[in-house]
2 protein chains.
Amino acid sequence: MFSKSTEYALRATIYIAQKSSEEHKVGLAEISAAIDSPPSFTAKILQALRKDNKIIRSVPGPNGGFYITEKAKNLPVHAILKVMGEDDVLNKCVLGLDKCSEAKPCPMHSEYKFIKAQLLELFDRKTILDLENDIKTGEVFIKNSRKK
Amino acid sequence: MFSKSTEYALRATIYIAQKSSEEHKVGLAEISAAIDSPPSFTAKILQALRKDNKIIRSVPGPNGGFYITEKAKNLPVHAILKVMGEDDVLNKCVLGLDKCSEAKPCPMHSEYKFIKAQLLELFDRKTILDLENDIKTGEVFIKNSRKK
DNA sequence: TCAAAAAAAGATATGGGACTCCTTAATGGG
DNA sequence: CCCATTAAGGAGTCCCATATCTTTTTTTGA
Ligand code: FES
Ligand code: FES
């Protein structure tokens, strides 16, 4: 559904939300270990998220790292998708028409549109804080089991 | 959602269903013009669909081309996805875990699973014939408007 | 003020999807 | 039987997402 970059962005953001605060930041090494992502590549993605100035923040130097404000935790998943340039992924036509629209629908559209609406609603409603809480309260994961 | 190849495969199959029969086959040039896809690339995709021996058939030579049997028209969209190797696209985890499962769910899973189920159901229920009929009866398209 | 720590930035692979082109094989009509 | 027609097959190009490595900049704390 999403690119690797976006998947890492989502997982990293959730982890940062879980483990950091303005007083206690988390470093790149810890993050990429926790979400099982390539460290250098994750660095690039975190840079992108940070430059956006809305989602995460960072500070270099000793005891530096990444963190997220309580306010930013209320942003919906959609905000991350937007920064990652996948805002329109869900407006893509199933059959590959230029765009999925009521005006020029493909043969799948009349049935797909309801599912699409649910996806849009979900990514718009679910906040970073929600995802963080899910981890606290339920048996959910943001990392794969150790492979080999 | 799907790769370009798969999108072309779906559109091409629909067009072939619409315009061909065992007696009247349609050629590559006509197909790629009708669905607005690169001819040479489309040829590769049609080869793949043909080799599967389930979806479409073809005959070379004068008056040759591609066609689909009435029986094959009853195959679900899912069958095309399978041939194109995108069978598991819908079992991908939103956050990029190895697989989307109840056993090891990500924080999006509890809500996403219902949407996923609808997608799976749709691709399993909707047949090639259904899509063909949609074109006949409704205002739907399998090609973009001419661009410059 | 200096050194260590950590992120930022930049430069450089790599693999695969998307697409092209050329040659080969099969078919049917005359 | 030959030739035009059309699909099949194979080799190769291009670009971008993914990923790595190195160097620079910023910050902290001793
Ligand atoms: S137009 Fe194709 S899915 Fe909406
Ligand atoms: S496990 Fe992530 S979507 Fe199902």
Side-chain angles (χ1 to χ4, degrees), chain A residues 1-13 15-16 19-20 22-33 35-53 55-68 81 83-86 89 92 96, chain B residues 1-13 15-16 19-20 22-33 35-53 55-68 81 83-86 89 92 96:
Chain A
M1 170 167 272
F2 299 122
S3 65
K4 287 271 178 213
S5 300
T6 300
E7 292 171 353
Y8 295 149
L10 291 167
R11 304 222 298 275
T13 303
Y15 184 77
I16 293 169
K19 290 297 177 75
S20 82
E22 192 144 2
E23 302 78 44
H24 180 75
K25 308 173 187 74
V26 284
L28 172 64
E30 179 183 342
I31 296 169
S32 57
I35 68 172
D36 193 26
S37 66
S40 297
F41 190 44
T42 307
K44 291 282 181 258
I45 293 159
L46 291 175
Q47 278 177 43
L49 285 177
R50 185 210 181 275
K51 277 195 205 154
D52 173 65
N53 273 327
I55 324 264
I56 63 171
R57 294 163 190 263
S58 70
V59 174
N63 296 315
F66 300 87
Y67 66 99
I68 185 170
L81 300 181
V83 176
M84 297 306 291
E86 306 223 38
V89 164
K92 267 193 57 181
Chain B
M1 170 169 274
F2 299 122
S3 66
K4 286 276 178 207
S5 301
T6 300
E7 292 172 352
Y8 295 149
L10 291 167
R11 304 222 298 276
T13 303
Y15 183 77
I16 293 169
K19 290 296 177 74
S20 82
E22 193 142 2
E23 303 80 44
H24 180 74
K25 308 171 187 75
V26 285
L28 171 65
E30 180 182 341
I31 295 169
S32 56
I35 68 172
D36 193 26
S37 68
S40 298
F41 191 43
T42 307
K44 291 286 180 248
I45 294 159
L46 292 176
Q47 278 177 43
L49 286 177
R50 186 208 182 279
K51 274 196 210 155
D52 173 66
N53 272 330
I55 324 263
I56 64 171
R57 294 163 190 265
S58 70
V59 175
N63 295 317
F66 299 88
Y67 66 100
I68 185 170
L81 300 182
V83 176
M84 298 305 293
E86 307 223 38
V89 165
K92 267 194 56 181

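To find a chain, count down the sequence lines: A is the first, B the second, and so on, and within it residues start at 1. Please read these numbers as outputs of a predicted model, since none were measured by experiment.
As judged by a 4.0 angstrom heavy-atom cut-off over every strand, B:Lys51 is placed among residues touching the sugar-phosphate backbone only. Using a 4.0 Å heavy-atom criterion, one finds that A:Leu28 contacts the sugar-phosphate atoms exclusively.
Nucleotide C:dT27 holds its P atom 18 Å from the CD atom of B:Glu23, rounded to whole Å. When rounded to the nearest whole Å, the span between CD1 of A:Ile31 and P of C:dA8 equals 10 Å. The distance between atom CZ of A:Arg50 and atom C1' of C:dA6, rounded to the nearest whole Å, is 13 Å.
Atom OG of residue A:Ser32 and atom CG of residue A:Leu46 lie 9.0 Å apart, to the nearest 0.5 angstrom. In this structure, CZ in B:Phe2 is found 11.0 Å from CE in B:Met84, a value given to the nearest 0.5 Å. Rounding to the nearest 0.5 Å gives a distance of 11.5 Å between CD of B:Glu22 and CD1 of B:Ile68. The structure places CZ of B:Arg57 at 13.0 Å from CD1 of B:Ile16, a figure rounded to the nearest 0.5 Å. Residue B:Glu86 holds its CD atom at 4.0 Å from OG of B:Ser3, rounded to the nearest 0.5 Å.
The side chain of B:Pro62 has C:dG28 as its nearest neighbour among C:dA7, C:dA4, C:dG28.
Comparing the axis of the opening five pairs of the helix from C:dT1-D:dA30 to C:dG30-D:dC1 with that of the closing five pairs yields an angle of 0°, rounded to 10°.
Put simply, chain A comes within 4.0 Å of DNA chain D, heavy atom to any atom, from D:dT18 to D:dG29, going 5' to 3'.
The two residues A:Tyr8 and A:Ile35 come nearest to each other via the heavy atoms O-CD1, 3.8 Å. Heavy-atom minimum distance, B:Met1 versus A:Lys92: N-NZ, 3.7 Å.
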Contact pattern, 5' to 3', of nucleotides 14-22 of chain C - B, S or - by protein heavy atom under 4.0 Å | ----SBBB-
Could you go through residues 38-45 of chain A and list every donor-acceptor pair under 3.5 Å that involves a side-chain atom there, pairing it with any protein atom two or more places apart or in another chain?
from	atom 1	to	atom 2	distance (Å)
A:Thr42	OG1	A:Ser37	OG	2.6
A:Thr42	OG1	A:Pro38	O	2.7

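In summary, of the residues considered (B:Leu49, B:Asn53, B:Thr13, B:Thr6), a side chain to side chain contact (heavy atoms under 4.5 Å, CB included) with B:Val83 occurs for B:Leu49 alone.
Residues passing the salt bridge (charged side-chain N to carboxylate O under 4.0 Å, His left out) test with A:Lys25, sequence neighbours excluded: none. For B:Arg50, the side chain to side chain donor-acceptor pair (under 3.5 Å) partners at least two apart in sequence or on another chain are B:Ser58.
Contact annotation: A:Gln47 reaches the phosphate of C:dA9 (side-chain N/O to OP1 or OP2, under 4.0 Å).
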